[in-house]
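Only heavy atoms go into these numbers, but all of them, side chains included; no hydrogens, no water, no symmetry mates. Please read all numbers here as calculations on a predicted model, not as lab measurements.
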Amino acid sequence: MSNSPMFSHRIHIICSPYKTASSSVEQALVDIGVAKKPMPYSRAILRDNRELLLKWRQTANAAKTYDNFVSLHSSEVFAELSAYLKPLRKFDIFADAPFGHTHTHSFVRKLVAPKAVHIWINRDFDAWVDSVHRWEVSHPEIYAGKLKIWDTDPDRRLLMLRRLWNTNYRAFAELRGHFPDDCLELQFEELGDYTSLAAFYGVQAPAKPFPLRNVNS
C-alpha cells in the first residue's frame with residue numbers, strides 16, 4: 001500500500017468536539033471562498049468504521065507526539081484506513097463525524113492529508129457542557145447510552161466530556177507546534193463576524209452576517 005497522501009487537495013477540518021459552532025464555521029468557509037463541498041454527517045460510515053477509528057485514536061494518543069506516531073505507524077495507517085477514506089476524498093470541508101470533530105484522530109488526519117487546515121473552536125467549558133447536554137437530551141435516538149449516564153451518574157458524564165476535550169486539544173496543540181501555518185484556534189466569542197477566519201486565510205471578510213447553523217437553545 002502506497003503512503004501517498006489520500007487527499008491531494010487542501011481540505012479544512014474542524015477538530016474541536018461537537019457543539020462548538022462547527023456548522024457555522026463550515027458555512028463561513030464556503031462564504032469566504034476557501035472551500036466548496038462540506039461532507040455531511042454519515043452515520044453509516046461511522047458505524048462501519050467505529051472500532052477501527054477507536055483503535056487508531058488509542059494508538060495515536062499512546063504515541064503522544066506526531067513525529068513518534070508517524071515513525072511507528074504510517075504504513076499501517078494507509079493500509080488499514082484506505083477503504084474508510086476513499087469516499088471522503090470528494091469533499092473539502094469536514095465539520096462533523098466521522099472525519100471532523102473527534103472520531104478520527106488529528107495525527108491520522110495530518111498524515112493522510114498533509115495540506116489540511118485544522119481548526120479548533122475554543123468554547124467556554126461550562127457553556128459547552130450545557131450545550132452538549134441539551135443536544136444529547138433532544139436527540140435520544142442517537143445518544144441513548146449517554147442519556148442513561150446523564151440520568152444515573154452526571155458526574156461521570158462530565159468527566160468523560162472533560163477527557164474528550166483535553167485529549168483532543170492536546171493533539172491539536174501538538175500539531176500546531178509543528179505546523180503553525182496549518183492550525184487555527186478560534187475563540188467562540190470571535191464568531192460574531194468573519195474577521196478572524198478571513199484574516200487567517202488572507203481573504204476579505206464578506207459584508208454580511210456571520211452564519212448561525214445548527215444552534216440549539
Side-chain angles (χ1 to χ4, degrees), residues 7 9-42 45-46 88-106 108-110 112-136 138-139 142 161 164-176 179-217:
F7 295 85
H9 57 294
R10 193 183 203 193
I11 65 173
H12 313 264
I13 306 166
I14 299 173
C15 51
S16 49
Y18 58 116
K19 307 318 298 174
T20 54
S22 51
S23 297
S24 299
V25 173
E26 173 187 82
Q27 181 59 48
L29 290 168
V30 175
D31 291 348
I32 66 174
V34 298
K36 296 179 180 178
K37 195 167 184 181
M39 180 182 177
Y41 168 71
S42 175
I45 293 177
L46 179 58
L88 281 57
R89 296 167 70 180
K90 59 187 176 182
F91 302 102
D92 61 4
I93 309 176
F94 300 90
D96 209 333
F99 202 64
H101 292 324
T102 60
H103 285 284
T104 303
H105 197 281
S106 286
V108 171
R109 293 184 289 215
K110 181 63 180 176
V112 302
K115 297 178 183 178
V117 174
H118 298 252
I119 301 171
W120 182 276
I121 304 159
N122 194 31
R123 188 173 187 181
D124 173 78
F125 183 76
D126 291 336
W128 173 65
V129 168
D130 185 54
S131 184
V132 168
H133 184 212
R134 293 197 309 271
W135 183 256
E136 291 178 350
S138 64
H139 294 78
I142 300 175
L161 290 171
L164 175 73
W165 186 277
N166 289 347
T167 299
N168 286 281
Y169 184 76
R170 280 195 297 270
F172 169 79
E174 163 69 11
L175 285 187
R176 184 176 57 184
F179 310 102
D181 293 340
D182 297 334
C183 296
L184 170 63
E185 181 172 349
L186 292 169
Q187 301 304 314
F188 189 82
E189 293 75 18
E190 293 179 84
L191 303 182
D193 58 49
Y194 295 89
T195 303
S196 297
L197 193 65
F200 175 82
Y201 284 98
V203 299
Q204 186 171 355
K208 61 180 181 178
F210 194 86
L212 295 177
R213 299 284 186 273
N214 209 18
V215 176
N216 65 303
S217 59

Steps toward side-chain contact (heavy atoms from CB on, under 4.5 Å) verdict (Tyr201, Val117): CA-CA 10 Å; Tyr201 284 98; Val117 174; 3.4 Å; yes
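- Atoms CD1 and OG, on Ile13 and Ser22 in that order, are 13.0 Å from each other to the nearest 0.5 Å.
- Two rings, from Tyr41 and Tyr18, have their centers 6.0 Å or more apart.
- Put simply, the side chain of Leu175 does not reach to within 4.5 Å of the side chain of Trp120, judged on heavy atoms.
- The backbone N or O of Gln187 sits nowhere less than 3.5 Å from a side-chain atom of Asn122 that would complete a donor-acceptor pair.
- Between the side chain of Thr104 and the backbone N or O of Pro98, at least one donor-acceptor pair lies under 3.5 Å.
- Put simply, the side chain of Ile11 reaches to within 4.5 Å of the side chain of Phe99, judged on heavy atoms.
- No donor-acceptor pair closer than 3.5 Å links the side chain of His118 to the backbone N or O of Arg109.
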Working for side-chain contact (heavy atoms from CB on, under 4.5 Å), residues Thr20 and Phe188: CA-CA 7 Å; Thr20 54; Phe188 189 82; 5.5 Å; no
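- Note: Arg170 CZ to Ser106 OG = 12.5 Å, rounded to the nearest 0.5 Å.
- For the pair Lys208 and Tyr194, the minimum side-chain heavy-atom distance is below 4.5 Å.
- The main-chain N or O of Leu164 is never found under 3.5 Å from a side-chain atom of Thr167 such that the two would form a donor-acceptor pair.
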Pair Leu29-Asp92, side-chain contact (heavy atoms from CB on, under 4.5 Å): steps then yes or no: CA-CA 10 Å; Leu29 290 168; Asp92 61 4; over 6 Å; no
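- With contacts defined as side-chain heavy-atom distances shorter than 4.5 Å, the pair Ile45/Met39 qualifies.
- When atom types are taken as modelled, the side chain of His101 and the backbone of Ser16 share a donor-acceptor pair closer than 3.5 angstrom.
- Trp128 and Phe125 have tilted rings, their planes meeting at an angle from 30° to 60° on a 0 to 90° scale.
- Looking at Arg10, its side chain never comes within 3.5 Å of a backbone N or O of Val34 through a donor-acceptor pair.
- Summarising the geometry, atom CG belonging to Asp31 is positioned 10.5 Å from atom CD belonging to Glu26; distances are rounded to the nearest 0.5 Å.
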Working for side-chain contact (heavy atoms from CB on, under 4.5 Å), residues Ile14 and Ile121: CA-CA 8 Å; Ile14 299 173; Ile121 304 159; 3.9 Å; yes
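- Counting only distance, with no hydrogens or angles, the side chain of His103 and the backbone of Asp96 share no donor-acceptor pair below 3.5 Å.
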